Enquirer: 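Take this structure, written in structure tokens, and hold onto it; I'll ask about it next.
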Amino acid sequence: MPLDLHNSLTRRKDRFEPLRAGRVGLYVCGPTVCDEATITDARKVVVFDLLHRLLLRLYPQVTCIRAVPDLAMPGPSHPAHEAGHQDLDALGILRPDREPHASEHTDQTIALIQALVDAGHGYAAAGHVLFSVASIPRYGQLSRRPRGDAEGQVRSEAISFKRDPADFVLWKPGTDGRPGWPSPWGFGQPGWDVACSALSHHHLGPTFDIHAGTVDELFPHHENQLAIGRCVHDGALPARVWLHSGLVTLPDDVPPTVGQLFRKGWDAEVIRLTLLSAHYRQPLMFGTDGLTQARATLDRWYTALRHANLAAGGARPAPDQAPDALVFPTLAALEDDLNTPLALSHLHELAGQLNKAGTVAEQTRLAAALAAAGNLLGLLRHQADTWFKTGLQNAAIETRIAERTAARRAGNFAEADRIRQDLAAAGIGLEDMAGTTTWKRT
RNA sequence: GGCGCGGUGGCAGAGUGGUGAUGCAGCGGACUGCAAAUCCGCGUACGGCGGUUCGAUUCCGCCCCGUGCCUCCA
């Protein structure tokens, strides 16, 4: 089962081959969970979590590193980090193998800067250390940006000690109030780009498989990491595949953080599905309409699963027993550059088949397959009945339903409808099945 | 201005050089005490103008619109 990924370096979809057979290193770059997670952060994290899960399924040994660039507010115990973690865990994110903090790798970062200086790629000037883009043959390879464009030169006058306007900061002198560290070049702090390079180098080595981030980081951040990486490994690329996820547009009707969405009552799976409803490289409009539609979609799938449970006398679907052939189309869609919209269409296909299934055995197979396919995406992790009943006063509702059932049996439909209406007003919808009545929040 | 990315039916959103996914909404039907759920059926969608081609939504050029980056900031 081949995996194809769109590589920003080649600007094509390429067949993925691990550098070392069976072992994959994944580095997720950029600002993550330094504060309460924003929707934009969440998209990146969810998308590359999906990739992480997929890699785990395809390769025996996967190392996922998610960098935390906390130079501005150092320390893994920063309270904001924990809040971010809680939200991300709730979204069903697999914890990366390590989440190195830039603030805890300043020794490695300084060593890396020193190595660059020693090799003639970095130079000190006015308390800074700068990377000399002229010292490598192909700066700009990733972003394909023409060198020396007019405006860049104008802006660079502010830092006139640069040898080349495109040179970027490896170390900068300390400023009052900001965290800093001692170094051979004085007290100060590392540039963001080298810090990330040091993290990936330290945890995954000089060359690893996949470097992932958002498009807005492509230039200059990733370009600079690429340049640094080349210098410490004889010109070889630090990562073979560079992935970029698209940005999120937030309409005014939606709060900017995941935590706020939770507080407004949006379920984690609804948020996750909304984030996966567009292909990861496409721009995503994250609005209430999208959330509403995602919830309707999950309701449809959970309804199918619930009916199958009922038919099977309460048995839950067993995703691990799903026939491979039924799950395969979903997996294949994900292996094709994480084509989540296509994968989701396969879930709909499974749900449709499940709804039409004639026998309990068939329903069991299809329910297992639907759950398994959903799990590939980190979805459908709840028990179906729970999905519809979360947070509600079950006992009281069951009593009312029993009263209504009695009324129906007695032919007192006026009373039955009154109870239905009462419950509907309380946000409870009733569903009369063959021999029983189920309910759900609406 | 430079370098990118995108514009698909009412909405969301894949995909493809030639039988036009999928979901939501809508319309018609089946089922139902009513309803819900479900099932069946229904839609001449590919920003504009040219070009290549037997044939383009899909390839090329130009234009329009939207959006991202253009540096040391996390």
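Note that the structure is predicted; figures quoted are calculated from it, not measured. Just so it is clear: chains get the letters A, B, ... in the order the sequence lines come, proteins before strands, and each one is counted from 1.
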Enquirer: Under 3.5 Å, is there a donor-acceptor pair between the side chain of A/R144 and the main chain of A/L9?
Expert: yes

Enquirer: What nucleotide among B/C69, B/C24, B/A14 has an atom nearest to a side-chain atom of A/F219?
Expert: B/C69

Enquirer: The criterion is side chain to side chain donor-acceptor pair (under 3.5 Å); which residues satisfy it with A/D385, sequence neighbours excluded?
Expert: A/R306, A/K389

Enquirer: Which part of the nucleic acid, if any, lies within contact of A/A278, taking any heavy atom under 4.0 Å across all strands shown: a base, the sugar-phosphate backbone alone, or nothing?
Expert: sugar-phosphate

Enquirer: Has the side chain of A/T330 got a donor or acceptor atom that lies under 3.5 Å from a matching backbone atom of A/A373?
Expert: no

Enquirer: NA contact type, A/H279, heavy-atom cut-off 4.0 Å: base, sugar-phosphate, or nothing?
Expert: sugar-phosphate

Enquirer: How is A/S143 classified with respect to the nucleic acid when contacts are heavy atoms under 4.0 Å: base, sugar-phosphate, or nothing?
Expert: sugar-phosphate

Enquirer: For A/G352, which contact category applies under a 4.0 Å heavy-atom criterion: base, sugar-phosphate, or nothing?
Expert: sugar-phosphate

Enquirer: Output the rounded distance in Å from CD (A/E223) to P (B/G4).
Expert: 13 Å

Enquirer: Whether A/R441 engages the ring of A/W387 as a cation-pi pair (distance to the six-membered ring centre under 6.0 angstrom, angle to the ring normal within 45°) should be assessed.
Expert: yes

Enquirer: Charged N to carboxylate O under 4.0 angstrom, A/R240 versus A/D14?
Expert: no

Enquirer: Could you tell me how far B/A25 sits from B/C11 if I compare only their C1' atoms? Round to whole Å.
Expert: 7 Å

Enquirer: What does the list of N/O pairs under 3.5 Å between the protein and nucleotides 33-37 of chain B look like, with a distance for each?
Expert:
| residue | atom | partner | partner atom | Å |
| --- | --- | --- | --- | --- |
| B/G33 | O6 | A/R404 | NH2 | 3.2 |
| B/G33 | O6 | A/R408 | NE | 3.1 |
| B/G33 | N1 | A/D417 | OD1 | 3.0 |
| B/G33 | N2 | A/D417 | OD1 | 3.0 |
| B/G33 | N2 | A/D417 | OD2 | 2.5 |
| B/C34 | O2 | A/D417 | OD1 | 3.4 |
| B/C34 | N3 | A/R420 | NH2 | 2.9 |
| B/C34 | N4 | A/R420 | NH2 | 3.4 |
| B/C34 | N4 | A/D432 | OD2 | 2.7 |
| B/A35 | N6 | A/D432 | O | 3.4 |
| B/A35 | N1 | A/D432 | N | 2.9 |
| B/A35 | N3 | A/R420 | NH1 | 3.2 |
| B/A35 | N3 | A/R420 | NH2 | 2.8 |

Enquirer: All N/O contacts under 3.5 Å from nucleotides 57-59 of chain B to the protein, with atom names and distances to one decimal?
Expert:
none

